[in-house]
**Q** 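Below are the structure tokens for one structure; questions will follow.
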Amino acid sequence: MSLKIGVPSKGRLMEKTFDWFGARGVTMARTGSEREYAGAVEGIDGVELVLLSAGEIPRELAAGRIHLGVTGSDLVRDKLADWNKQVAELAPLGFGHADLIIAVPACWIDVDTLDDLDAAASAFRAKHGFRLRIATKYHRLVRDFLTANGVADYQLVDSQGATEGTVKNLTAEAIADITSTGETLRANHLKILTDAVIHRSQATLFLSHRADWGAERAVLEALVAKLGLSAPALSG
Ligand SMILES: Nc1ncnc2c1ncn2[C@@H]1O[C@H](COP(=O)(O)OP(=O)(O)OP(=O)(O)O)[C@@H](O)[C@H]1O
Ligand SMILES: O=P(O)(O)OC[C@H]1O[C@H](OP(=O)(O)OP(=O)(O)O)[C@H](O)[C@@H]1O
């Protein structure tokens, strides 16, 4: 048996994850052809690399099919109910920063806060006969945030990409999406509500409480020592 660690299979998240572990003496690399999703770990025994889509790593952790996983803290919170019962955060990794925010058209000059959005949503419903639409792929985080802040007169519409375009395309009035440089928002004439930063995300190393921690406990202890992290408490 080996300790399985899930890592994003492509792009910046994969490269920066490899760099982060490499700087701590654990070398990760993709093996095989450029298109083959296979990987190897050197510098520690008993660790197996599993290359996965960043969006699937929360589910794999919750199912216990991987022991550890690197993905965005936003994805774990959005995809898992009661995420902190199923996984634990071992370490923020200091890259992959993005803020999940709510934005509205920049031309809505009297809408700058959640209270303004709430008022605009009521007026919108009265005028149009349907609820103001917020496009997002972060359904759980957005719903929980708006409920906690007393905004109720809206509907979520699903958008799995190009979310900032939905306002121009008239399929939504507002959006909730991640932003890093803010360029996509500006280019699409959207502004962030001043009090609507839902979550500040970064790539994070997670541990699964659901995985089978038998012989893998010893490997975990060796790994966290090598990475300079404090040993986590394992449930069960
Ligand atoms: N500028 C950015 N654009 C997109 N994602 C970003 C950005 N900055 C950081 N991230 C983070 O990267 C993660 C998303 O990664 P990615 O898009 O590879 O996942 P994915 O949706 O599973 O991709 P795919 O399904 O295409 O494999 C999220 O945690 C997100 O917060
Ligand atoms: O603030 P910025 O630096 O402009 O980055 C934010 C954009 O990056 C992401 O999109 P991505 O390119 O991953 O495509 P997507 O629309 O398919 O999610 C995100 O969904 C925003 O659209």
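Order of listing sets the numbers, starting from 1, for every ligand and every atom in it.
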**Q** Can you figure out which of Ser180, Gly72, Ala98, Gly96 has its heavy atom closest to atom 1 (N) of ligand 1?
**A** Ser180

**Q** Is the shortest N/O to N/O distance between Gly182 and ligand 2 below 3.5 Å?
**A** yes

**Q** How about atom 9 (C) of ligand 2: does it have a protein heavy atom within less than 4.0 Å?
**A** no

**Q** Are Lys10 and ligand 1 in contact, using a heavy-atom cut-off of under 4.0 Å?
**A** yes

**Q** How close does the nearest protein non-hydrogen atom get to atom 4 (O) of ligand 2, and which residue and atom is it?
**A** Thr184 OG1, 2.4 Å

**Q** Answer with yes or no whether His97 contacts ligand 1, where contact means a heavy atom under 4.0 Å from a ligand atom.
**A** yes

**Q** Heavy atoms of the protein only: does one fall short of 4.0 Å from atom 17 (O) of ligand 2?
**A** yes

**Q** In terms of residue, atom name and distance, what is the protein heavy atom nearest to atom 18 (O) of ligand 1?
**A** Ala54 CB, 4.2 Å

**Q** Protein heavy-atom contact under 4.0 Å for atom 2 (P) of ligand 2?
**A** yes

**Q** Which one holds for Arg186 and ligand 2: side chain close, backbone close, both close, or neither close, with close meaning a heavy atom under 4.0 Å?
**A** neither

**Q** Kindly state if atom 12 (O) of ligand 2 has a protein heavy atom within a strict 4.0 Å cut-off, that is, under 4.0 Å?
**A** no

**Q** Gly11 near ligand 1, heavy-atom distance under 4.0 Å?
**A** no

**Q** Among all protein heavy atoms, pick out the one at the shortest distance from atom 13 (C) of ligand 1; state its residue, atom name and that distance to 0.1 Å.
**A** Leu13 CD1, 3.7 Å

**Q** Between Tyr154 and Asp118, is the side chain to side chain contact (heavy atoms under 4.5 Å, CB included) condition met? List the steps.
**A** CA-CA 9 Å; Tyr154 69 93; Asp118 194 32; over 6 Å; no

**Q** If I apply the N/O under 3.5 Å rule, does Gly55 come out as touching ligand 1?
**A** yes

**Q** Under the 4.0 Å line, does any protein heavy atom show up next to atom 20 (O) of ligand 2?
**A** yes

